[in-house]
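Read the structure below first, then the notes.
The structure presented is a predicted model; accordingly, all values stated were derived computationally and were not measured. A, B, ... follow the sequence lines: proteins, then strands. Residue 1 opens every chain.
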Amino acid sequence: MLKPGEYVRDLLESEPGRRVTARGWVKTRRDSKGLHFVQLNDGSCFRDLQVVIEAGVVPEADLAAVTTGACVEVDGEIVASPAAGQRVELRGTAVRVLGPADPATYPLQKKGHSFEFLREIAHLRSRSNTFGAVFRVRSALSFAIHRFFQERGFVYVHTPIITASDCEGAGSLFGVTTLDLSNVPRTKDGKVDYSQDFFGKPTYLTVSGQLEGEAFALAFSNIYTFGPTFRAENSNTPRHLAEFWMVEPEMAFCDLADDMKIAEEFLKYVIGYALEHCREDLEFFNQRIEKTVISTLEHVVNSPFEHLTYTEAIRLLENANRTWEFPVHFGADLQSEHERYLTEEKIGRPVIVTDYPKEIKAFYMRDNDDGRTVRAMDVLAPRIGEIIGGSQREERLDVLREKIRAHGLNEASYSWYLDLRRFGSVPHAGFGLGLERLLMYVTGMKNIRDVIPFARTPGSAEF
RNA sequence: UCCAGCGUAGCUCAGUCGGUAGAGCAGGCGGCUGUUAACCGCCGGGUCCUUGGUUCGAGUCCAAGCGCUGGAGCCA
């Protein structure tokens, strides 16, 4: 395996004279009379290592299989490059092809592939410039997320993937079962007999780790989850996946103001981390994908987020002097066109909207004293819309029970959740951030399927 | 799920008024004293998404289906 000092990234930083063995995949090869040029990449950085092999140094047979896509190992010496484009290059003296790739059938060419085509070869697309950069940034952002919370004393908790609570809108959950679907056991009255299923009752893939996260927050004060989340909604958009990764911090002794404060601090931290540690990749995105990403990110890091209450947002939209496809009035949810107007036209940077009408938000959000709004907050970002959704949680037992009833939910199935209010309850708050949404924002990529390694969307679960 | 668009070579696309198919790139071969999406020459390469219909004749017109993309809804 490659060790620190042996990655292409390290070889490119080496001084001339160092004898090395480089390993990687051939991105492209050019031949000139007397010289062969091989671009080698091992995924460690955006740039390729240029390998130069003089004619006659290496047997023709060894060179023949050095084609685009092949995996090779090259012995040689790092030398100063006499040509523009790279500081150093590798003068190759021996080449071993570890895994050949037939150039006639290898699907990645040296130029111009559409993202649609690359999605069909998701097992190979990570070797391309764009996807190499996307997934390095994804890794860096994931690390930054952990670092942000760990530095602040948050405990990382693994909430369950399989859940029995069918709370938030039953139609959107994936069922989990070991029952034989071609011969489902029935009860006397004809319903599915889940008592014979693996868990003895209906179970689903989680849509959120929040409720379990609250249990841990009321033991460890500050916690976060970071894991996969599943939605069975038939959403066919560039912003939705059936399987995606979500970060959900939950803080005890915390109100909505603190919640907003840490959400803003968090976004600025992880974006700042990417600006500092993913410079080459971001410059590529800035040049080829979205020419404003770097300036946008720098702007986000350096300026305070705008704050609006829902009521103020509605007033701004009403006064916008335009006709909305979806009418604006108190009690209406903010639609894409409204979010876009607020973030892109009116304000031009992330906006935190708070205090939504209780009817359009979840049962667990804390009631405000006005009786009609709840302590919810959404962070809206230009270009991608909602990037964070959070709230202060209802910590009062009697009020929460009433809200469960008002939302038409079954109190019995929330008994453990209510216990948290029964024993040592405290004001607490949290939020959820979609990793892929963040990644779209940071890279400028336009389709969420292009920021996750192997996308799961309605009708598609390849690889 | 709704609305719109698209489906032609490995990839990106062109294809006029309905008359049996083209380019660039990629690939192969050859050339070129340092290339950078190298360059120059030659060569091979087609289930025109599927099914049905109209027509003497369909890549082209019509219908249905499938797939993909974009917009909307749901949301992170």
Taking a pair as Watson-Crick or G-U wobble with both distances under 3.5 Å, which nucleotide is matched to [N]?
| N | answer |
| --- | --- |
| B/A23 | B/U12 |
| B/C61 | B/G53 |
| B/C42 | B/G28 |
| B/U47 | none |
| B/C2 | B/G71 |

Toward the 5' end of RNA chain B, by each residue's nearest nucleotide, A/A242 or A/A84: A/A84

First of A/E436 and A/K33 reached from the 5' end of RNA chain B, by closest nucleotide: A/K33

Parallel, tilted or perpendicular, as decided by the 30° and 60° cut-offs, for the rings of [Y] and [X]:
| X | Y | result |
| --- | --- | --- |
| A/F149 | A/F266 | parallel |
| A/F220 | A/F216 | parallel |
| A/H338 | A/W324 | perpendicular |

Just checking [X]: base, sugar-phosphate only, or nothing, at a heavy-atom cut-off of under 4.0 Å?
| X | answer |
| --- | --- |
| A/R449 | sugar-phosphate |
| A/A83 | base |
| A/T28 | sugar-phosphate |
| A/R340 | sugar-phosphate |
| A/R119 | sugar-phosphate |
| A/L435 | nothing |
| A/P82 | base |
| A/F326 | sugar-phosphate |
| A/T229 | nothing |
| A/L438 | nothing |
| A/Q335 | sugar-phosphate |
| A/Q86 | base |
| A/E89 | base |

Does a side chain donor of either [X] or [Y] reach within less than 3.5 Å of an acceptor in the other side chain?
| X | Y | answer |
| --- | --- | --- |
| A/R375 | A/N368 | yes |
| A/Q39 | A/R30 | yes |
| A/E212 | A/T159 | no |

Identify which nucleotide among [options] has an atom closest to any side-chain atom of [X], counting heavy atoms from C-beta outward.
| X | options | result |
| --- | --- | --- |
| A/R231 | B/G27, B/G34, B/C75 | B/C75 |
| A/F37 | B/U35, B/A72, B/G28 | B/U35 |
| A/R30 | B/C11, B/A38, B/G34 | B/A38 |
| A/L35 | B/C74, B/G34, B/G70 | B/G34 |

In whole angstrom, give me the gap between the [atom1] atoms of [N] and [M].
| N | M | atom1 | answer |
| --- | --- | --- | --- |
| B/G5 | B/A63 | P | 12 Å |
| B/G28 | B/G10 | P | 16 Å |
| B/C13 | B/U69 | C1' | 16 Å |
| B/U8 | B/U16 | P | 16 Å |
| B/A21 | B/U54 | C1' | 23 Å |
| B/U60 | B/G53 | P | 14 Å |
| B/A38 | B/C75 | C1' | 48 Å |
| B/U20 | B/C6 | P | 24 Å |

Atom-pair distance ([atom1] on [X]; [atom2] on [N]), nearest Å:
| X | N | atom1 | atom2 | answer |
| --- | --- | --- | --- | --- |
| A/H240 | B/U69 | NE2 | P | 15 Å |
| A/E116 | B/C49 | CD | C1' | 17 Å |
| A/L380 | B/C75 | CG | P | 14 Å |
| A/E233 | B/C2 | CD | C1' | 16 Å |
| A/M445 | B/G70 | CE | C1' | 16 Å |
| A/F117 | B/C25 | CZ | P | 18 Å |
| A/E386 | B/G73 | CD | P | 12 Å |
| A/D31 | B/A38 | CG | C1' | 11 Å |

Polar pair under 3.5 Å, donor/acceptor by atom type, side chain [X], base [N]:
| X | N | value |
| --- | --- | --- |
| A/Q39 | B/U36 | no |
| A/Q109 | B/G10 | yes |
| A/S235 | B/C74 | yes |
| A/E120 | B/G67 | no |

Does OP1 or OP2 of [N] have a side-chain N or O of [X] closer than 4.0 Å?
| X | N | result |
| --- | --- | --- |
| A/S32 | B/C32 | no |
| A/N236 | B/G70 | no |
| A/S336 | B/G73 | yes |
| A/R239 | B/A72 | yes |

Pairing of A/R23 and A/D42 as salt bridge, 4.0 angstrom limit: no

Pair A/K361 + A/D378, salt bridge at N-O below 4.0 Å: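 Here A/K361 pairs with A/D378 in a salt bridge, since their nearest N and O are under 4.0 Å apart.
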
Side-chain donor or acceptor of A/E306 paired with backbone N/O of A/I347 under 3.5 Å: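 No; zero donor-acceptor contacts below 3.5 Å.
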
Student check: side-chain heavy atoms of A/L40 and A/D48 closer than 4.5 Å: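 Side-chain contact under 4.5 Å: no.
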
